[in-house]
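In listed order, ligands and their atoms are each counted from 1.
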Amino acid sequence: MQQHDSSPLSDYIEYPVDEMLSRSQAFYLDIKRRHTIRSFSDREVPKEIIENCIKAAATAPSGANHQPWHFVAVHSSEIKKQIREQAEFHERGFYEGRAGEEWLGALKALGTDADKPYLEHAPWLIAIFSQKKGGVNSEDSNTNYYVHESVGIATGFLINALHTSGLVTLTHTPKPMSFLSKVCNRPENDRAYMLLIAGYPSEDATVPHHAQVKKSLEDIATFL
Ligand code: IYR
């Protein structure tokens, strides 16, 4: 390996194999309980929980460790209202034809439509932005690498952290999503990647049957 500054790996924990087995099983059973939820309670969630989850997301690996992401956690009712208005405006166009028949057919079993009341009801909306330019320091403007992959991994970490904290989430990708940059007051370099809705489920929250069907291990994995 080329000469570079480093320090010994000091926080790795090795578990006995039987413990690894039970940990992997426990993790699977826990993450399996994560469902995309579309009906949120307006119960408050302390900001510190969201901060911890964002810090967890930001430990994700990224191209050249440039960390090409920015998270805007929206709690303000006024800003949530603006996001709802704009998202519903775009979604109406989508559901009224722009999506096309095949796409609308694929969504039927999820029961989604252009109404997004949760954008105002849920305590937190987390807008995730990707950055084409940046670097290890926030003020850098170098090329970032594998931006989509990096932000996707960080988003996965964030969803996992929110679930592990005891919250439910919805991954929302209004199309187009560019209005989020303006509403969240982000610079030109930041491109909206996804909007995560986080909070408690409403009492009558449901999970579509369609979303509960997961492919078998044989279908999704090959061991050579
Ligand atoms: N963004 C729209 C449509 C939508 C698209 C896909 I692909 C989904 O898996 C779910 C919804 C909406 O949020 O309604």
Side-chain angles (χ1 to χ4, degrees), residues 31-42 45 50 53 57 69-77 79-130 147-149 151-163 167-184 186 190-202 204-216 219-220:
I31 201 68
K32 196 171 173 289
R33 293 188 306 101
R34 192 215 72 87
H35 306 289
T36 289
I37 294 300
R38 294 189 173 80
S39 183
F40 284 76
S41 154
D42 59 6
V45 169
I50 304 301
C53 292
W69 44 61
H70 190 87
F71 303 89
V72 178
V74 179
H75 183 261
S76 149
S77 306
I79 300 177
K80 282 195 264 187
K81 188 163 176 250
Q82 285 177 37
I83 292 178
R84 178 180 179 182
E85 276 170 11
Q86 302 227 33
E88 287 186 338
F89 169 78
H90 292 301
E91 295 288 12
R92 271 194 292 278
F94 175 88
Y95 283 97
E96 282 166 14
R98 193 157 32 82
E101 239 172 80
E102 185 180 357
W103 197 344
L104 291 181
L107 294 180
K108 244 193 166 132
L110 294 176
T112 56
D113 58 28
D115 295 331
K116 308 294 179 197
Y118 45 76
L119 292 175
E120 278 188 272
H121 295 167
W124 291 99
L125 308 182
I126 308 174
I128 303 164
F129 294 88
S130 65
V147 172
H148 227 72
E149 292 83 350
V151 181
I153 297 167
T155 300
F157 275 33
L158 180 56
I159 294 169
N160 194 355
L162 291 162
H163 166 72
L167 298 171
V168 295
T169 49
L170 165 63
T171 47
H172 183 43
T173 48
K175 208 169 153 65
M177 221 174 347
S178 41
F179 71 86
L180 281 174
S181 301
K182 238 190 201 149
V183 176
C184 296
R186 294 309 302 159
D190 285 21
R191 196 191 171 119
Y193 181 83
M194 189 176 286
L195 185 63
L196 263 191
I197 294 98
Y200 291 98
S202 67
D204 58 357
T206 57
V207 182
H209 287 155
H210 177 78
Q212 297 177 48
V213 183
K214 299 300 178 194
K215 290 179 179 170
S216 69
D219 280 345
I220 61 156

Less than 3.5 Å between some nitrogen or oxygen of K116 and one of ligand 1, yes or no?
yes
Give me the residue, atom name and distance of the protein heavy atom closest to atom 1 (N) of ligand 1.
E91 OE2, 3.0 Å
Name the one of L167, T169, L119, V74 that satisfies side-chain contact (heavy atoms from CB on, under 4.5 Å) with I197?
L119
Would you mind checking which non-hydrogen protein atom is closest to atom 4 (C) of ligand 1, with the distance to 0.1 Å?
L107 CD1, 3.7 Å
For L180, is there any backbone N or O sitting under 3.5 Å from a side-chain donor or acceptor partner on Q86?
no
the protein heavy atom lying closest to atom 3 (C) of ligand 1 turns out to be Y95 OH, 3.3 Å
Does H148, at its NE2 atom, have more than 12 non-hydrogen atoms belonging to other residues, nucleotides or ligands within less than 6.0 Å?
no
Return yes or no for this condition: an N or O of H172 is under 3.5 Å from an N or O of ligand 1.
yes
Which residue and atom name correspond to the protein heavy atom nearest atom 7 (I) of ligand 1, and how close is it?
W103 NE1, 3.5 Å
Pull out every atom of ligand 1 sitting under 4.0 Å from any heavy atom of T173, numbered as shown with elements.
1 (N)
Would you check whether R38 has a nitrogen or oxygen atom less than 3.5 angstrom from a nitrogen or oxygen atom of ligand 1?
no
Do Y95 and T112 have side-chain atoms, one donor and one acceptor, less than 3.5 Å apart?
yes
Within the 4.0 Å heavy-atom shell around F94, which atoms of ligand 1 are there?
3 (C)
Using a cut-off of 6.0 Å, state whether more than 12 heavy atoms not belonging to E102 lie near its atom CD.
no
Is there a donor-acceptor pair closer than 3.5 Å between any side-chain N or O of R98 and the backbone N or O of H90?
yes
Would you confirm whether K80, through its side chain, and A122, through its main-chain N or O, come within 3.5 Å as a donor-acceptor pair?
yes
